[in-house]
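Since the structure comes first, as structure tokens, the remarks are kept for the end.
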Amino acid sequence: LTAGGTMLSTSVLLLLALFISGVIAVELITKDSDLKMDPTTGPIVEHHFASLPTSILTLVQFVTLDSIAAVYFPLMQAKPALVLFFLPIGLVVSIGLMNLVTAVLVENALENAEQEKELERLQLKNKVKGALPAMVEIFRVLDKDHSGHISREEIEHVPLDILPGKLLESISIGSMADLFELLDVDGTGSLTQGEFVEGLLNLALLDVPVWTLQSLRLLGSLRDAQTEMQEDIKSLKQRRP
């Protein structure tokens with residue numbers, strides 16, 4: 001509907017430009033006795049600019065760039081001042097308006113694509129919200145010692161299909177151990193119920209690409225390596241006399 005309105009308004013603007021140009025053509029070309037008497041331009045005036053409707057139909061050729069050189073070139077040779085008439089028509093009608101139509105259509109297509117993407121995101125959000133009670137129950141199942149925290153040891157041997165199917169459709173992970181590494185942002189080695197549920201929601205709703213998840217895993221590995229190096233350095237300092 002938006003594109004239809006754009007096409008309609010552009011068509012009206014184009015017809016208006018052609019009508020005004022046709023009126024000017026009648027005054028500059030049709031009524032010019034020198035052009036009529038010239039053996040080269042006379043037939044062109046008689047055939048293409050005999051009246052206002054004929055002039056408008058001729059100028060329609062400028063929209064499609066259909067053999068227009070045979071029309072304007074002899075006239076401009078006879079009357080060089082007509083370049084001030086034909087050049088603006090070529091720029092405005094042939095190039096400007098057509099590019100405007102293309103630009104608006106592309107913009108509308110991008111807007112529609114963005115709206116569809118937002119609609120898909122809302123649908124996914126509703127799916128994940130529907131799985132929220134199941135995620136809370138999963139945390140309770142994983143928390144075997146009922147401490148309110150789950151550790152890597154408690155989660156790493158659990159099969160991935162324990163998660164709701166709606167959630168697995170939206171995130172890309174290989175195992176529960178990988179999931180733990182992604183959710184354990186603070187590096188404490190354990191997850192509370194809030195961290196577990198909120199982390200899963202963020203992974204699903206933020207539409208995190210695979211390369212981002214891989215980067216997070218790499219950062220987690222670097223963090224562990226840094227922690228281990230710090231402990232080794234601290235241990236060496238303690239051994240020094």
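Atom set for the values below is all heavy atoms of this structure, side chains included, hydrogens, waters and symmetry mates excluded.
Two residues are said to be in side-chain contact when any heavy atoms from C-beta on lie closer than 4.5 Å; Leu75 and Val45 meet this criterion. Under the 4.5 Å side-chain criterion, counting only non-hydrogen atoms from C-beta, Met76 is in contact with Val83.
Scored by the ring pair (Phe, Tyr, Trp, His ring centres under 6.0 Å) test, Phe85 finds no partners at all (sequence neighbours excluded). Every residue meeting the side-chain contact (heavy atoms from CB on, under 4.5 Å) condition with Gln115, not counting sequence neighbours, appears here in chain and number order: Asn112. With sequence neighbours excluded, the residues that form a side-chain contact (heavy atoms from CB on, under 4.5 Å) with Asp34 are Asp32, Lys79. Scored by the side chain to side chain donor-acceptor pair (under 3.5 Å) test, Thr54 finds Ser51 as partners (sequence neighbours excluded).
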Take Arg140 and Glu137 through the test side chain to side chain contact (heavy atoms under 4.5 Å, CB included) and record every step on the way to the result.
CA-CA 5 Å; Arg140 293 174 180 172; Glu137 183 61 29; 3.9 Å; yes
Side chain to side chain contact (heavy atoms under 4.5 Å, CB included) evaluation trace for Leu191 with Phe180:
CA-CA 8 Å; Leu191 296 174; Phe180 183 88; 3.6 Å; yes
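Every pair passing ring pair (Phe, Tyr, Trp, His ring centres under 6.0 Å) that includes a residue from residues 133-152 is listed here, sequence neighbours excluded: Phe139-Phe196. Listed by first then second residue, pairs satisfying side chain to side chain donor-acceptor pair (under 3.5 Å) with a partner in residues 39-50 number zero, not counting sequence neighbours.
Through direct or relayed side-chain contacts under 4.5 Å between Ile, Leu, Val, Met, Phe, Trp and Tyr, Leu110 connects to Val106.
Here the side chain of Asp143 pairs no donor or acceptor atom with the backbone of Ile150 at under 3.5 angstrom. Glu195 places a side-chain N or O within 3.5 Å of a backbone atom of Thr192 that can act as its donor or acceptor partner.
To the nearest 0.5 Å, the span separating OG on Ser190 from CD on Glu154 amounts to 9.5 Å. We find the CE-CG distance between Met229 and Leu222 to be 11.0 Å, quoted to the nearest 0.5 Å. For the atom pair CD of Glu228 and CD of Glu231, the computed distance is 7.5 Å after rounding to the nearest 0.5 Å. To the nearest 0.5 Å, atoms CZ (Phe62) and CD1 (Ile68) are separated by 5.0 Å.
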Side-chain donor-acceptor pairs under 3.5 Å in residues 15-30, sequence neighbours left out?
unit_1	atom_1	unit_2	atom_2	d
Ser21	OG	Ala17	O	2.8
Glu27	OE2	Lys31	NZ	3.0
Thr30	OG1	Phe49	O	2.5

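Clustering ILVMFWY residues whenever any of their side-chain heavy atoms sit less than 4.5 angstrom apart, transitively, puts Met37 in a cluster other than the one holding Leu35. Linking ILVMFWY side-chain heavy atoms closer than 4.5 Å, directly or via other members, places Leu52 and Ile89 in a single hydrophobic cluster.
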